Amino acid sequence: MTTAMNRLQDSVILIAGAASGIGAAIAKRCIAEGAMVVCADYNLDPATQLADTLGPSAAACQCDVTDSGSTRNAVEFARQKFGRLDGLVHNAAAPSTSATVVDLDESAWRRELDVGLTGAFLMSKYAVPLIAASGGGSVVFIGSQFGRVATTKAVAYCAAKAGLIHLAKAMAVDHAPDKVRVNSLSPGAVATTRLLRRFADFEAANAGLGPAHLLGRIAEPEEIAAAAAFLLSSDASFVTGSDMLVDGGYATR
């Protein structure tokens, strides 16, 4: 995969949910394109390990996106470490519970919405003013094709991702005068450890889920990261209030 070097040169990007999977791939891509990155995650140790591998342009902090004080501290950490903030990526998501609305436990419902949707609200609440103060920038929410189309026994996940897509649109309207662009990015199935809760390995996941995508396979995290880097960069300077489907054609059927 080719990389547009220096497209994010000297930008400071805060990534919530950066320790693994899509978040880690976005962090690596941003570093490759010249950015400075704060890897924020509920699990500090893997976030720190990632930042250490990325070098001096990366730093890690613990962040519980469901807690207002924790999200505020993560944004303040980015400011203190790098002096500014140009972009926010919200990639945090709770484990999904397979259930219908009748069977789903209330605590599982609240947890998925708290992490996936309220977490985006709280991260944005404190990040957007700092991004605006830096002269503008970009907010990217990692959604899902299931924010567009539904699937079985995923009511909380579908609701959280649909809300995330519309939160991005509403924020885009509010913060265009601040030169803050806000978009969501909706992947199809991606080869991350989340799939290993359902499948023995990625080969089995690809065999099971690949045929539902027009391209006949699931995505690699790096493919989602490439799209996120575009939305964070000035190449997407006229893109706001959009949901970018990077789903291999899943939602087209």
Side-chain angles (χ1 to χ4, degrees), residues 16-17 19-23 41-43 63-68 71 89-124 140-171 183-221 223-224 227-228 242-253:
S20 62
I22 292 172
D41 203 277
Y42 186 81
N43 298 306
C63 182
D64 177 355
V65 298
T66 69
D67 181 77
S68 180
T71 54
V89 177
H90 180 77
N91 177 61
S96 295
T97 301
S98 177
T100 69
V101 70
V102 176
D103 303 324
L104 184 65
D105 185 78
E106 291 178 26
S107 62
W109 166 267
R110 292 193 179 97
R111 183 63 180 169
E112 285 206 51
L113 267 70
D114 282 350
V115 175
L117 184 55
T118 302
F121 157 71
L122 289 174
M123 291 302 304
S124 300
V140 179
F141 297 149
I142 304 302
S144 168
Q145 84 273 36
F146 293 130
R148 295 275 201 105
V149 298
T151 189
T152 57
K153 296 185 178 181
V155 289
Y157 186 81
C158 290
K161 294 303 188 181
L164 200 61
I165 289 170
H166 213 68
L167 175 62
K169 292 180 183 295
M171 286 176 53
N183 297 284
S184 54
L185 192 169
S186 292
V190 184
T192 69
T193 54
R194 287 178 69 90
L195 290 187
L196 299 184
R197 301 187 187 106
R198 296 173 53 196
F199 297 94
D201 51 37
F202 291 131
E203 183 177 354
N206 197 54
L209 299 176
H213 302 71
L214 293 184
L215 297 182
R217 63 175 178 85
I218 63 176
E220 294 297 326
E223 293 176 294
I224 312 306
S242 294
D243 179 51
M244 177 182 285
L245 276 168
V246 188
D247 69 340
Y250 183 104
T252 303
R253 294 187 185 275

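Quick note: numbers below take in every heavy atom, side chains included, and nothing from hydrogens, waters or symmetry partners. Keep in mind the model is a prediction, meaning the values are calculated, not measured.
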query = Where do Ala94 and Val115 come nearest, in terms of heavy atoms and distance?
reply = N-CG1, 3.5 Å
query = If you look at every heavy atom in Val246 and Ala227, which pair is closest and at what distance?
reply = CG2-CB, 3.8 Å
Interatomic distance, Asp247 atom CG to Ser144 atom OG [nearest 0.5 angstrom] = 9.0 Å
Listing, residues 201-219 side-chain donor-acceptor contacts under 3.5 Å, not counting sequence neighbours, or none:
unit_1, atom_1, unit_2, atom_2, d
Asp201, OD1, Glu203, N, 3.2
Asp201, OD1, Ala204, N, 2.8
Asn206, OD1, Ile218, N, 2.8
His213, ND1, Leu209, O, 3.0
His213, NE2, Ala189, N, 3.2
Arg217, NH1, Glu223, OE1, 3.0
Arg217, NH2, Glu223, OE2, 2.7

query = Out of curiosity, Cys158 SG to Arg148 CZ, how far, rounded to the nearest 0.5 Å?
reply = 13.5 Å
inquiry  = Holding to side chain to side chain donor-acceptor pair (under 3.5 Å), I want the full list of residues that pass it with Asp105, two or more places apart in sequence or in another chain.
reply    = Ser107
inquiry  = Could you measure the distance from the CG atom of Leu164 to the CG atom of Leu185? Nearest 0.5 Å is fine.
reply    = 10.5 Å
query = Which residue pairs satisfy the salt bridge (charged side-chain N to carboxylate O under 4.0 Å, His left out) criterion with at least one member in residues 149-159, sequence neighbours excluded?
reply = none
query = What is the distance from atom CZ of Phe141 to atom NZ of Lys169, rounded to the nearest 0.5 Å?
reply = 12.5 Å
key: Aromatic centroids of Phe146 and Tyr250 separated by under 6.0 Å   = yes
key: Set of residues satisfying side chain to side chain donor-acceptor pair (under 3.5 Å) with respect to Thr66, sequence neighbours excluded   = Asp64
note = Heavy-atom nearest pair, Leu104 first then Ala108, reads CD1-CB, 3.9 Å
ask   = Among pairs that include at least one residue of residues 184-199, which meet side chain to side chain donor-acceptor pair (under 3.5 Å), considering only residues two or more places apart or in two chains?
value = Ser96-Arg194, Ser184-Asp243, Ser186-Asp243
message = Show the nearest heavy-atom pair for residues Ala120 and Leu167, with the distance to one decimal.
response = CB-CD2, 4.0 Å
query = Minimum heavy-atom separation for Leu113 to Ala160, with atom names?
reply = CD1-CB, 4.1 Å
ask   = Can you name the nearest heavy-atom pair linking Pro187 to Ile224, along with the distance?
value = CB-CD1, 3.7 Å
ask   = With sequence neighbours left out, what residues match Glu106 under salt bridge (charged side-chain N to carboxylate O under 4.0 Å, His left out)?
value = Arg110
key: Val65 side chain reached by Leu122 side chain, heavy atoms, under 4.5 Å   = no
query = Are any side-chain N or O atoms of Glu112 and backbone N or O atoms of Thr97, one a donor and one an acceptor, separated by less than 3.5 Å?
reply = yes
task = Without swapping roles, check the side chain of Thr100 against the backbone of Val102 for a donor-acceptor pair under 3.5 Å.
result = yes
